[in-house]
Amino acid sequence: MLEYETRPASVMGPLGRLTLDDLPSSSTAHWVSRRKAEVLAAIDGGLLSQNEACVRYRLSVEELAAWRRSIDRAGIPGLRITRTQEYRNRLGR
């Protein structure tokens, strides 16, 4: 017997309803807070699995976990990253 995975057509995102078509492009390189929050909402609502999000957006599980910690700690504003943090991450500090 085949098992079918049911997935909602839409979920609540940070600014209202989200569908797969509303999610950020798979070629997104600049991650603003809203886009990060949309991806997390899609995962939470079952629109995407964590694995699908990692593959689609070329993210590591650790990066998604960091987003989750940030949003849990400080909400959507917690997902912001400063230029200094970006440079430190690039330098591996």
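Note that the structure is predicted; figures quoted are calculated from it, not measured.
- Screening residues 14-24 for side chain to side chain donor-acceptor pair (under 3.5 Å), with sequence neighbours left out, gives T19-D22.
- By the side chain to side chain contact (heavy atoms under 4.5 Å, CB included) test, V55 pairs with N51, sequence neighbours left out.
- Taking the side chain to side chain contact (heavy atoms under 4.5 Å, CB included) definition, one finds that S25 meets it with S27, T28, sequence neighbours left out.
- Every side-chain hydrogen bond (donor to acceptor under 3.5 Å, both in side chains) that R7 has, sequence neighbours left out, goes to E5, E52.
- Hydrophobic side-chain contacts under 4.5 Å tie L64 into a cluster, directly or through other members, with V11, L18, L20, L23, W31, V39, L40, I43, L47, L48, Y57, L59, W67, I71, I76, L79.
- Every residue two or more places apart in sequence or in another chain that forms a side-chain hydrogen bond (donor to acceptor under 3.5 Å, both in side chains) with R34 is listed here: E38.
- Here the shortest heavy-atom pairing between R80 and S33 reads CG-OG, 3.1 Å.
- Nearest heavy atoms, G78 versus S70: O-CB, 3.3 Å.
- If you chain together ILVMFWY residues whose side-chain heavy atoms come under 4.5 Å of each other, V32 ends up in a group of its own.
- Closest approach of G46 to P8, counting heavy atoms only: O-CD, 3.5 Å.
- In this structure, R58 has no side chain to side chain contact (heavy atoms under 4.5 Å, CB included) partners at least two apart in sequence or on a different chain.
- Residues satisfying the salt bridge (charged side-chain N to carboxylate O under 4.0 Å, His left out) criterion with R68, sequence neighbours excluded, are D44.
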